[in-house]
Amino acid sequence: MAALQRGANAELTREVPSLRTAVVGVAWQTSEAALADNLVFAALLCDAGGKASGDDDTVFFNQLRSADGSVSVATGSDREQVEVDLPDVPAAVDRIVFAVYVNLGAAPRRTLGQLRTLTLRVVNAADGVELVRSEDLAPPLREETAVVLAALYRHQGGWKIRVAGDAYASITELAADYGVPL
Amino acid sequence: MRRRAIARPPAPAATIDTRHPGRATTPPVPASPSAPAAKIDTTHPGRSSLDLSAPTVDTSRPDRTAPAASSSLDLSGPKIDTSHPGRSAATPPSDPLDLSARPSDPLDLSSRPAAPTPRPKPAPARPQPRARSGPPTLLGPDTPTVTLTRLQSGVGVLQVDLVTTVPGLRLGAAYELSDGRTSAIVDGGHADAAPPTRPVLRLTRDRYAGLRIDLRQTRSLRRLAVLAVPQTAVDWTGTLVVTTAGGARMEAPLDLGHGEGPAVLLTAYVVDGEIVLRAERELVTGNLRDACLAFGYDRITWADDRTPAS
């Protein structure tokens, strides 16, 4: 299976009409333990304008499930995973954006440029079959500390996924772009 | 202002959010899936877009929204711009993931429901008010409490600064982790961060004495109390300033009057992933150990009345 490049998209539900629960997983490699400890995988449930409203629309380690219950943190063979029950996603949610950021806490500053690899994949929860996998999104990253990996979005009654790779200086700027109040 | 010299019962332990447990239902993934479910169109593998804000639509190709498309893994999107492989923050996108519908755009999102039903918002679990950006939220005797959202409680650091001209104040904090470990740190003490491995709390010294709380580890923190210890009797003045990663600011005036003992200025409890802050304004008769005991930190090991074990 060829890796999905930045900007490329894939029809998920057209090829797998039975797809109900998509597991979106992220994997990374780094030799920096302080970076690995502070990496966070997050999902933002956005409206048609590309905006998320806040806690209810954000799923990450401190909000394990969206308010509507359709998107939740999961565990599995990836570094981090988020499960999306596609039929249960409210109609007001037009796209679900997946991002990784470095939580700039008490540790010395780390950046995504210290990642050796960074990939995202989608797995059918029903049978464990990997549907798509992104190309390695790490090489272009330098001093940024947040990156949008991909978006799962509605398309003609189904769902597609598009790989992004949009990098930001910090989670604060990424959140501002998506209307997430911090 | 309240003065307190005796210990009060320990505050109840914060509860852990069990309403939204992470599910662990993902089945194991085969190392080599025998039947990839999505087909890939590799006839134009090098034409993927790296610039989502201004895709160049290939109008020579059929409308890929047509259901008869032979492949649904469409890698033939807009042209590659290898000079900008990752969108940097210096030039933030106007729309971070521009999926807006265009007549000939392969990402046709125009089939959305015409009038989506707004999602119901659950009632807030914690007491109001909430911390907001803009003017600082005043934490005074009438409104001592503010609750941070789970985002504010889990992103970046929570910075606490002791903004004062009173000389000789030592900032410190007593803390209890979710695993039960309890101790305290104080400016000028044995440690400026706690716990020793992967600290949740770190004392800082910039223009003012400060305390940084690593919110990546919010779930590891149960509660803390921010204290200040004078070297001699002082007339308390100044402001304790708390700032979130997003810039929301809370201010607690330090007009506590005259005193020579430590003051407990602020407490924080992590409840269901949300940090509840409360301005305490408590002058304690005694020493650092007495101040910690007064707020229920009764399991700290002390080298002496002013020196907690790390």
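Each chain gets a letter, A, B and so on, in the order the sequences are listed, and its residues count up from 1.
- Residue with the most contacts toward chain B among A/I161, A/T172, A/T58: A/T58 (heavy-atom pairs, distance under 4.5 Å).
- Relative to the ring axis of A/F61, B/R216 places its NZ or CZ within 45° and under 6.0 Å from the centre.
- Heavy atoms closer than 4.5 Å to chain A are found nowhere in B/T204, neither backbone nor side chain.
- The minimum heavy-atom distance linking A/Q63 with B/R219 is given by the pair N-NH2, 4.4 Å.
- Rounded to the nearest 0.5 angstrom, B/Q152 CD and A/D55 CG are separated by 8.0 Å.
- By the 4.5 Å heavy-atom criterion applied to side chains, B/D214 and A/N38 are counted as neighbours.
- When heavy atoms are compared at a cutoff of 4.5 Å, B/T149 approaches chain A by way of both its backbone and its side chain.
- B/R198 places no side-chain N or O within 3.5 Å of a backbone atom of A/A34 that could act as its donor or acceptor partner.
- Applying the salt bridge (charged side-chain N to carboxylate O under 4.0 Å, His left out) rule to B/D192 yields no partners; only residues at least two apart in sequence or on another chain are considered.
- With a threshold of 4.5 angstrom between heavy atoms, A/L112 does not approach chain B through any atom at all.
- Counting heavy atoms from C-beta outward, A/V180 and B/L151 have side chains that approach closer than 4.5 Å.
- Of the residues B/L215, B/V270, B/T218, the one that meets the side chain to side chain contact (heavy atoms under 4.5 Å, CB included) test with A/N62 is B/T218.
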